[in-house]
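Here the structure comes first, spelled out in structure tokens, and everything after it is commentary.
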Amino acid sequence: EQAAKDQINAINNNKGLTSSQKAEAIKQIEDKKAKAIEAVRKATTVGEVEQIVKDVVRDIKAVNPQPYSGYSSNLIIGL
């Protein structure tokens, strides 16, 4: 829960991101959190819960949108 809050705050405070980038990143975090909560409910051992928590914290921290540069890396001019 705290990892999600921290990452969402970091995204919201990133002035280089567009509002749509922020919304998409936050949606990814919320989706990951919801899936983890469901997995915890289905877990049958403490070890499973610990692994789920470890995995979701890692996955949430990996959501790292980059500021929009205005250029597409896939665009090749002059060909």
Side chain to side chain contact (heavy atoms under 4.5 Å, CB included), that's the test. Do Val56 and Val40 meet it? Break it down for me.
CA-CA 11 Å; Val56 76; Val40 166; over 6 Å; no

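- Distance CG/Asn13 to NZ/Lys22: 7.5 Å, rounded to 0.5 Å.
- Note that NZ of Lys33 is 7.5 Å distant from NZ of Lys5, once rounded to the nearest 0.5 Å.
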Please assess Ile26 against Asn12 for the test side chain to side chain contact (heavy atoms under 4.5 Å, CB included), listing each intermediate value before the final yes or no.
CA-CA 9 Å; Ile26 291 169; Asn12 280 327; 3.4 Å; yes

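- Here the CD1 atom belonging to Ile52 is positioned 10.0 Å from the NZ atom belonging to Lys42, to the nearest 0.5 angstrom.
- Minimum interatomic distance between Val63 and Gln28 (heavy atoms only, all atoms of both residues): CG1-OE1, 3.8 Å.
- Residues passing the side-chain hydrogen bond (donor to acceptor under 3.5 Å, both in side chains) test with Glu30, sequence neighbours excluded: none.
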Steps toward side chain to side chain contact (heavy atoms under 4.5 Å, CB included) verdict (Asn14, Gln21)
CA-CA 10 Å; Asn14 186 335; Gln21 286 175 308; over 6 Å; no

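- Under the side-chain contact (heavy atoms from CB on, under 4.5 Å) criterion, Glu50 pairs with Val46, sequence neighbours left out.
- Going from atom CD1 of Ile60 over to atom CD of Gln7 covers 8.0 Å, rounded to the nearest 0.5 Å.
- Note that CG of Asn64 is 7.5 Å distant from CD1 of Ile11, once rounded to the nearest 0.5 Å.
- Note that the OG1 atom of Thr45 and the CD atom of Gln51 stand 10.0 Å from one another [nearest 0.5 Å].
- Looking at Lys27 and Asp31, a side-chain N of the basic residue comes within less than 4.0 Å of a carboxylate O on the acidic one, giving a salt bridge.
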